[in-house]
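The first residue in the sequence is number 1, and the count goes up from there.
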Amino acid sequence: MLALCAIVGLVLLTACSKKPSEESGAPGTAAAPAATPIDPATAASVSGTVSLAGTAPKPAKIDMSQDPACKGPNTAETVVAGSGKLANVFVYVKEGFGNRTFDVPKDSVTIDQSGCKYHPHVLGVMAGQTLKIVNSDPTTHNIHPTPADNREWNESQPPQSPALEKTFAREEIMLPVKCNQHPWMKMYVNVVKTPFYAVTGPDGKFEIKGLPPGDYTLAFVQEKMGTQEQKVTLAAKDSKTVDATFKTQ
């Protein structure tokens, strides 16, 4: 009789101590929602040019003499403009997808450290997508993102060392990245929830393809001059032009 009571007590104790995460259907055990497919037969696109009104500031010269391995001229990339066109503007679809989700690309996005500068100066990556950081210089760099909404990290990368692979979990626009070894080295990572983004080239142009029909808000972000937003409605197979202009102070 005593043995039977002991067995019953043990069973009850085990049931009561079972963790919620072990229960069938407990929160946190459900799979992530499947991405909403986009019909390629109806996909639309938006493109345009970002211009600069006014005189572009003269790029500041940067002294790299503290490290003999950093050779060649260097200028700040705060505002890069030629012939009135603005480069390094991050353009993305800020609103319009509702609850739609998207698969995270399997391909990584690369940051290269070459000539003691970051290449590119501005890039985009989806939340959860792999960011690969390469050191092509004959000197040690120290990569240090300083996010507001993601996890901060700070890691050294000697010459010829393997690429670092990192991810950011949350959306964050113009997340600053610096090098603690070389204080002039700066760039920006833009972490977004969708694959619909672009960075303007030296000609100020951008293009975002593969959009499902809908009403969207496009955001144009420049590190020095802030953010602009424009509305655009895309029908099936649409191809629309949306231009933007930033003004110097």
Where is the tightest heavy-atom contact between [X] and [Y], given as atom of each residue plus distance?
X: T248; Y: P57; value: CG2-CD, 4.3 Å
X: T241; Y: G48; value: CG2-CA, 4.2 Å
X: K240; Y: V232; value: CD-CG2, 4.0 Å
X: A53; Y: T245; value: CB-CG2, 3.8 Å
X: P159; Y: T140; value: CD-OG1, 3.6 Å
X: I62; Y: A76; value: CD1-N, 3.6 Å

Transitively linked via ILVMFWY side-chain contacts under 4.5 Å: [X] with [Y]?
X: I143; Y: L131; result: yes
X: L234; Y: F102; result: yes
X: F97; Y: V91; result: yes
X: V125; Y: L175; result: yes
X: Y197; Y: V122; result: yes

Kindly list each side-chain donor-acceptor pair under 3.5 angstrom involving residues 198-209, sequence neighbours excluded, with atom names and distances?
residue	atom	partner	partner atom	Å
T200	OG1	L86	O	2.9
T200	OG1	N88	N	3.2
T200	OG1	V89	N	2.9
D203	OD1	K205	N	3.1
K205	NZ	T49	OG1	3.4

What is the distance from atom [atom1] of [X] to atom [atom2] of [Y], rounded to the nearest 0.5 Å?
X: T227; Y: F220; atom1: OG1; atom2: CZ; value: 11.0 Å
X: C70; Y: H182; atom1: SG; atom2: NE2; value: 3.5 Å
X: H121; Y: H119; atom1: NE2; atom2: NE2; value: 11.5 Å
X: K224; Y: E77; atom1: NZ; atom2: CD; value: 15.0 Å
X: M64; Y: M185; atom1: CE; atom2: CE; value: 10.0 Å
X: N142; Y: N135; atom1: CG; atom2: CG; value: 11.0 Å

Please answer whether the main-chain N or O of [Y] pairs with a side-chain N or O of [X] as donor and acceptor at a distance below 3.5 Å.
X: E229; Y: T217; answer: no
X: Q157; Y: P162; answer: yes
X: Y118; Y: K178; answer: yes
X: Q113; Y: H141; answer: no

>> side chain to side chain contact (heavy atoms under 4.5 Å, CB included), that's the test. Do E95 and K231 meet it? Break it down for me.
In response: CA-CA 9 Å; E95 296 174 349; K231 304 285 187 181; 4.1 Å; yes
Does the side chain of [Y] come within less than 4.5 Å of [X]'s, by heavy atoms?
X: R170; Y: P147; result: no
X: V79; Y: Q222; result: yes
X: S45; Y: L211; result: no

Check: residues 186-196 side-chain donor-acceptor pairs under 3.5 Å, at least two apart:
residue	atom	partner	partner atom	Å
N190	OD1	M174	N	2.8
N190	ND2	L123	O	3.1
T194	OG1	F196	N	3.1

>> Applying the side-chain contact (heavy atoms from CB on, under 4.5 Å) criterion to L52, which one of K247, K85, M225 satisfies it?
In response: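 The single option meeting the side-chain contact (heavy atoms from CB on, under 4.5 Å) with L52 is M225.
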> More than 12 non-hydrogen atoms from neighbouring residues, nucleotides or ligands closer than 6.0 Å to CD on Q160, yes or no?
Replying inline: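 Count not over threshold, so no.
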>> Do T139 and D137 pair up side chain to side chain, a donor and an acceptor below 3.5 Å, judged on atom types alone?
In response: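 D137 and T139 do not have a side-chain donor-acceptor pair below 3.5 Å.
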>> Less than 3.5 Å apart, any donor N or O on the side chain of N150 or E172 sitting next to an acceptor on the other?
In response: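 E172 and N150 do have a side-chain donor-acceptor pair below 3.5 Å.
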